[in-house]
Trainee: 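The following block contains the structure, expressed as structure tokens.
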Amino acid sequence: SAALAGATGGGGVGAHGFGISGSCRQAARSEPASTGAPRQGVTPLQVVFAAAVDGTNLTGLGYAWDYTTDGLDDVSGPACQTVTNIYPALGAYTVTLTVTNGGGETASFSRVGYVRAGPLTTYVATDGGHSFPYTNWTAAATNIQAAVDVATDGTLVRVSNGTYSVTSQVMVANGVRVRSENGAGLTTVRRSGGTARVFYIGHSNAVVDGFTITNGYETTGGGGVYMTGGRLLNCVVASNAVSSSHGGGVYCERGGMVSNCVIRGNRAPGANGGGVYAFNGGEVWWSQLTGNSADNGGALFLQAGGAAHFCKMKGNTVTASGGGVYASYGGQLRNCLIYQNSAAAQGGGVYGGNCGPPVNCTIVTNSAGGGVGGLLFSWSTVTNNIVYDNTPSNWWIYAANFVSSCTTPDPGGTSNITSQPSLKNPAQERFQLETGSPCIDKGLIMPWMATATDLREKARIFQGAVDIGAYEWVREGGTIFVVH
């Protein structure tokens with residue numbers, strides 16, 4: 001059930017005030033209670049309402065509720081301070097509460113469109129009948145926004161194969177899941193005109209799942225997608241751009257999460273985060289970022305709590321610093337492979353400082369025109385990383401140190417290795433540890449590793465030890481001969 005409390009609970013439907021003088025003042029709060037209970041959802045939707053009153057004469061109170069404002073009281077009486085109604089049909093409903101005291105004084109309040117009841121599922125197809133409320137394939141909407149607009153928290157929007165063109169962003173502002181039927185390879189959403197990103201995700205429970213998102217162009221953040229919460233899953237975000245802002249592919253903040261996506265060929269000229277700009281709690285997980293470009297942070301720009309885990313970054317470029325990643329002021333980088341990226345200035349692989357340093361990353365074969373092709377970092381401890389074969393040099397640090405890492409020249413610090421890491425076959429993009437690698441079992445065990453995996457989803461701690469780099473060494477399978 002959804003509890004909508006009155007003013008004493010911080011929001012909801014309420015009527016206040018009964019004066020001894022007989023002049024009745026009224027007021028009410030109109031936002032959901034701080035309990036987090038929604039006032040929208042799928043049918044049949046059960047909603048609990050609680051009245052709150054104040055004044056100088058609170059004796060003999062009676063309550064009357066009109067759940068749909070049809071002019072008739074649906075329930076009334078002195079025991080009706082808290083009531084429950086079930087909305088069986090779709091729609092937006094106005095709710096009216098009237099409170100009367102023993103002296104005959106009355107206060108009432110109406111909240112227009114306070115409750116929204118939506119369908120469990122809506123449908124979208126290029127050849128749909130576009131018949132409201134789009135609750136089957138025959139009546140499917142022909143554009144995604146129409147099906148999202150009728151949806152409420154908890155609705156699934158199912159999208160059939162095809163290409164859907166937009167001239168303004170698809171806004172997913174409720175807790176709705178927008179999901180393609182057969183994945184990004186068969187379902188594309190693209191800008192066909194105007195200046196617009198493709199998706200806006202603006203709710204903590206919103207999900208966009210399984211689309212190719214392309215050709216978006218914005219003058220503000222997020223050429224393909226702008227997220228202030230919610231999740232972007234299993235998508236290909238390709239060939240989007242921003243002008244004079246950040247996040248050529250995705251701008252992700254406030255707990256938004258990008259997961260299991262391919263982010264490629266996006267641009268943020270003169271700005272930051274060609275692939276993804278992750279800010280203020282935005283996170284990227286299990287994604288591949290290739291061929292993106294920006295001023296700083298070709299693949300990723302991580303700032304103020306932005307984070308990346310289990311990602312691969314290849315072939316991204318910048319005109320300044322951080323060809324693969326630029327991290328600052330709280331950004332975090334963990335279990336990532338960063339290779340063949342380039343920067344015109346510094347940090348072809350990673351550039352950063354004043355933030356969570358790279359941990360268990362493999363940073364190899366990157367380049368920079370300014371002198372540090374691999375990692376340039378400050379004010380942090382760089383732990384369990386392989387930083388090798390970058391040109392013209394592997395690293396430069398300021399007020400920072402290396403711990404349990406593999407790089408050259410010797411950075412000082414604690415338990416570092418300067419020998420070649422012995423990767424399987426970098427020329428074939430196989431960056432796992434070879435049998436006999438000096439990086440095996442030489443990493444520093446950290447608390448988060450207890451239940452963690454590496455970039456291949458192998459247990460990060462094996463037989464009480466952890467390896468250096470993004471991958472744990474795994475014994476190759478073979479044949480065992482037993483001779484009697």
Side-chain angles (χ1 to χ4, degrees), residues 40-45 87-92 116-203 205-218 222-227 230-240 249-250 258-264:
Q40 64 168 290
V42 300
T43 56
L45 175 62
Y87 292 87
L90 308 182
R116 288 188 64 223
L120 182 63
T121 308
T122 59
Y123 297 80
V124 184
T126 55
D127 59 351
H130 201 74
S131 178
F132 184 88
Y134 324 116
T135 51
N136 56 64
W137 285 119
T138 301
T142 55
N143 67 83
I144 296 171
Q145 188 67 67
V148 169
D149 285 345
V150 72
T152 56
D153 289 356
T155 298
L156 170 64
V157 179
R158 298 175 60 181
V159 183
S160 186
N161 301 351
T163 297
Y164 298 86
S165 297
V166 299
T167 55
S168 60
Q169 65 186 3
V170 178
M171 291 194 66
V172 186
N174 295 325
V176 175
R177 186 182 189 103
V178 184
R179 188 191 71 196
S180 73
E181 289 292 286
N182 294 297
L186 295 173
T187 317
T188 297
V189 187
R190 69 185 305 276
R191 179 185 65 93
S192 60
T195 300
R197 69 177 63 89
V198 180
F199 275 100
Y200 173 86
I201 302 173
H203 191 283
N205 293 325
V207 177
V208 173
D209 184 353
F211 296 91
T212 292
I213 298 168
T214 187
N215 202 43
Y217 181 77
E218 258 294 343
V225 182
Y226 193 107
M227 306 175 67
R231 291 178 291 164
L232 183 71
L233 308 178
N234 308 307
C235 288
V236 176
V237 182
S239 302
N240 303 283
V250 181
V258 178
S259 182
N260 200 36
C261 290
V262 175
I263 314 291
R264 66 171 184 242

Trainee: Testing Asn182, Thr188, Thr126 for side-chain contact (heavy atoms from CB on, under 4.5 Å) with Asn161, which one passes?
Mentor: Asn182
Trainee: So which heavy atom on Phe199 is nearest to which on Ile144, and how close?
Mentor: CZ-CD1, 4.5 Å
Trainee: Just to verify, which of Val225, Val178, Val207 counts as forming a side-chain contact (heavy atoms from CB on, under 4.5 Å) with Ile201?
Mentor: Val225
Trainee: Testing the basics here: between Arg190 and Asn215, what is the closest heavy-atom pair and its distance to 0.1 Å?
Mentor: NH2-ND2, 3.6 Å
Trainee: Do Tyr123 and Thr138 come close enough that some side-chain heavy atom pair is under 4.5 Å?
Mentor: no
Trainee: If you apply the rule side chain to side chain contact (heavy atoms under 4.5 Å, CB included), what do you find for Arg158 with Thr121, and how did you get there?
Mentor: CA-CA 7 Å; Arg158 298 175 60 181; Thr121 308; 3.6 Å; yes
Trainee: Can you check whether Ala125's main-chain N or O pairs, donor with acceptor, with Ser160's side chain at less than 3.5 Å?
Mentor: no
Trainee: Quick check against the 3.5 Å criterion: does Gln40 have a side-chain atom that pairs as donor or acceptor with the backbone of Asp153?
Mentor: yes
Trainee: OH/Tyr134 to OG1/Thr142 distance, rounded to the nearest 0.5 angstrom?
Mentor: 8.0 Å
Trainee: I would like to know whether Arg177 and Leu233 meet side chain to side chain contact (heavy atoms under 4.5 Å, CB included); could you show each step before the answer?
Mentor: CA-CA 11 Å; Arg177 186 182 189 103; Leu233 308 178; 4.0 Å; yes
Trainee: Quick one: does Phe211's side chain get under 4.5 Å of Val159's, heavy atoms only?
Mentor: yes
Trainee: Distance check, rounded to the nearest 0.5 Å: Tyr87 atom OH versus Thr43 atom OG1?
Mentor: 13.5 Å
Trainee: Val172 and Val148: which non-hydrogen atoms are nearest, and at how many Å?
Mentor: CA-CG1, 4.2 Å
Trainee: Are the side chains of Asn143 and His130 in touch, meaning some heavy atoms are under 4.5 Å apart?
Mentor: yes
Trainee: Does any part of the side chain of Val208, heavy atoms only, come nearer than 4.5 Å to the side chain of Val170, both counted from C-beta?
Mentor: no
Trainee: Has the side chain of Asn240 got a donor or acceptor atom that lies under 3.5 Å from a matching backbone atom of Ala238?
Mentor: yes
Trainee: Going by the angle between their ring planes, with limits at 30° and 60°, are Tyr200 and Tyr226 parallel, tilted or perpendicular?
Mentor: parallel
Trainee: For a quick test of reading the model, state the closest non-hydrogen atom pair linking Ala196 to Thr167 and the distance between them.
Mentor: CB-O, 3.7 Å
Trainee: Which residue is it: Val236, Val262, Thr163? I am looking for the one with a side-chain contact (heavy atoms from CB on, under 4.5 Å) to Thr212.
Mentor: Val236
Trainee: Other residues, nucleotides and ligands only: do more than 12 of their heavy atoms fall within 6.0 Å of CZ on Arg264?
Mentor: no
Trainee: For Asn205 and His203, which heavy atoms make the closest approach, and how far apart are they?
Mentor: N-ND1, 2.9 Å
Trainee: I need the minimum non-hydrogen distance between Val42 and Thr152, along with the two atoms involved.
Mentor: N-OG1, 3.7 Å
Trainee: So, does Arg197 use its side chain to make a donor-acceptor pair with the main chain of Arg191 at under 3.5 Å?
Mentor: no
Trainee: Hey, what do you get for CG (Leu156) to OG1 (Thr122), rounding to the nearest 0.5 Å?
Mentor: 7.5 Å
Trainee: Please evaluate residues Val166 and Gln145 with respect to the criterion side chain to side chain contact (heavy atoms under 4.5 Å, CB included), reporting the C-alpha separation (whole Å), side-chain torsions for both, the decisive distance (0.1 Å), and the verdict.
Mentor: CA-CA 9 Å; Val166 299; Gln145 188 67 67; over 6 Å; no
